[in-house]
Structure formats: structure tokens, C-alpha cells
S.K.: 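Take this structure first; my questions come after.
The structure presented is a predicted model; accordingly, all values stated were derived computationally and were not measured.
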Amino acid sequence: MASSIDCFLNLDFNGSSLFINHYKDVMNVSVDMLKAEMMVFKNCLPTNFSFDDVKKNIQKVTYPNLYKLIQQRFSNLSILNIERDITNNLKSEQILNKFNLHSRKIMLK
């Protein structure tokens with residue numbers, strides 16, 4: 001998955017197929033449209049572009065599928081990666097116990 005994400009960050013559609021196929025349904029992304037958007041967007045960037053260039057120039061209206069994956073998915077993934085030391089120490093039992101502290105009942109009328 002890591003190499004697929006790296007390919008995606010470099011706007012390489014074929015190399016990023018594992019990442020794209022994993023998130024296409026969750027993010028409601030059209031794969032054919034994403035492929036076209038990646039090709040057009042890559043041609044609009046300088047030859048030696050960085051991910052910062054991508055984030056600065058991506059527009060939701062022009063590249064909706066690419067925008068979804070870059071802005072929404074990577075913001076969540078990057079936070080988890082940055083805080084990896086915390087996420088590695090999480091125990092599912094602790095999370096469930098904390099969640100269980102509050103009543104989850106909803107009164108229906």
C-alpha cells in the first residue's frame with residue numbers, strides 16, 4: 001500500500017491502483033474520471049513538482065475526484081501517521097471501555 005500511495009502522490013495512476021481501488025467506494029470516486037483528472041493535472045504542474053505543489057493547485061471544482069482523495073483522505077492519513085506512536089499504543093479494549101462510559105440510548109417519540 002505504501003508504494004501505491006507514493007505513486008498516487010506522484011500522480012501515477014497505474015502505480016497507485018491498489019490505493020485507488022481501496023478507497024474508490026468509500027470516497028465515492030469515479031475511477032475513469034480520476035484517471036483523466038490525474039493526467040490533466042499532472043500536465044499542468046512543473047516537471048519536478050512536489051506534493052505541496054499539488055495541494056496548493058488542486059481545485060475541487062476542476063478535479064473533484066482527485067480533490068476528494070488528496071484533501072480528505074490524506075489529511076486523515078497524515079494525522080494518523082504523524083501520531084503513529086500514539087496509535088500503536090492504543091488498545092481496542094480501552095477505546096471500547098471509554099465509549100461505554102456514556103449512555104447511548106435515544107428516546108424516540
Side-chain angles (χ1 to χ4, degrees):
M1 181 64 99
S3 62
S4 183
I5 292 171
D6 189 46
C7 288
F8 182 78
L9 296 177
N10 290 314
L11 301 175
D12 173 13
F13 179 82
N14 294 327
S16 59
S17 61
L18 179 66
F19 172 76
I20 292 167
N21 288 327
H22 185 76
Y23 286 108
K24 69 180 178 184
D25 295 328
V26 175
M27 301 298 289
N28 194 23
V29 169
S30 167
V31 175
D32 293 330
M33 293 298 293
L34 177 63
K35 182 177 182 179
E37 289 173 15
M38 288 174 78
M39 184 184 308
V40 170
F41 190 61
K42 188 173 184 177
N43 288 330
C44 293
L45 293 172
T47 307
N48 297 326
F49 67 90
S50 68
F51 186 62
D52 287 333
D53 295 327
V54 172
K55 286 186 79 167
K56 282 186 224 171
N57 294 304
I58 191 81
Q59 296 174 359
K60 186 176 184 177
V61 175
T62 311
Y63 310 102
N65 295 288
L66 188 57
Y67 182 87
K68 282 182 198 175
L69 288 173
I70 288 175
Q71 295 294 339
Q72 295 173 351
R73 182 54 33 196
F74 278 108
S75 61
N76 295 337
L77 285 175
S78 58
I79 290 169
L80 287 175
N81 189 36
I82 292 167
E83 302 297 337
R84 186 180 307 190
D85 57 334
I86 294 171
T87 59
N88 286 342
N89 294 326
L90 288 177
K91 305 283 188 263
S92 58
E93 189 173 316
Q94 290 174 328
I95 295 169
L96 291 173
N97 287 339
K98 186 161 185 147
F99 183 77
N100 194 31
L101 291 175
H102 301 289
S103 175
R104 303 287 179 219
K105 295 179 183 178
I106 299 174
M107 296 300 293
L108 300 175
K109 293 182 180 183

S.K.: Show your reasoning for whether side chain to side chain contact (heavy atoms under 4.5 Å, CB included) applies to L66 and L11.
M.R.: CA-CA 10 Å; L66 188 57; L11 301 175; 4.2 Å; yes

S.K.: State, with a plain yes or no, whether a side-chain heavy atom of I70 is found less than 4.5 Å away from one of F8.
M.R.: yes

S.K.: Provide the closest heavy-atom pair for N10 versus F49 in the form atom of the first, atom of the second, distance.
M.R.: O-CZ, 3.5 Å

S.K.: Could you check whether any side-chain heavy atom of S16 comes within less than 4.5 Å of a side-chain heavy atom of M38, counting everything from C-beta outward?
M.R.: yes

S.K.: Look at the side-chain heavy atoms of Ile, Leu, Val, Met, Phe, Trp and Tyr, link any pair under 4.5 Å apart, and say whether I20 and F51 land in one connected group.
M.R.: yes

S.K.: Going by the rule side-chain contact (heavy atoms from CB on, under 4.5 Å), which residues pair with K35 if we only count those two or more places apart in sequence or in a different chain?
M.R.: F13

S.K.: Closest approach of C7 and G15, non-hydrogen atoms and distance?
M.R.: CB-C, 3.5 Å

S.K.: Would you please name every residue forming a side-chain contact (heavy atoms from CB on, under 4.5 Å) with N28, sequence neighbours left out?
M.R.: K68

S.K.: Tell me every residue that passes side-chain contact (heavy atoms from CB on, under 4.5 Å) with N57, counting only those two or more places apart in sequence or in another chain.
M.R.: F41, L45, D53

S.K.: Rounded to the nearest 0.5 Å, what separates atom CZ in F19 from atom CD1 in I5?
M.R.: 5.5 Å

S.K.: Roughly how far apart are M39 CE and D12 CG, rounded to 0.5 Å?
M.R.: 11.0 Å

S.K.: Give the minimum heavy-atom separation between C44 and Y63, together with the two atoms involved.
M.R.: SG-OH, 3.9 Å

S.K.: Could you point out which residue of L34, V31, N65, L69 forms a side chain to side chain contact (heavy atoms under 4.5 Å, CB included) with K24?
M.R.: V31

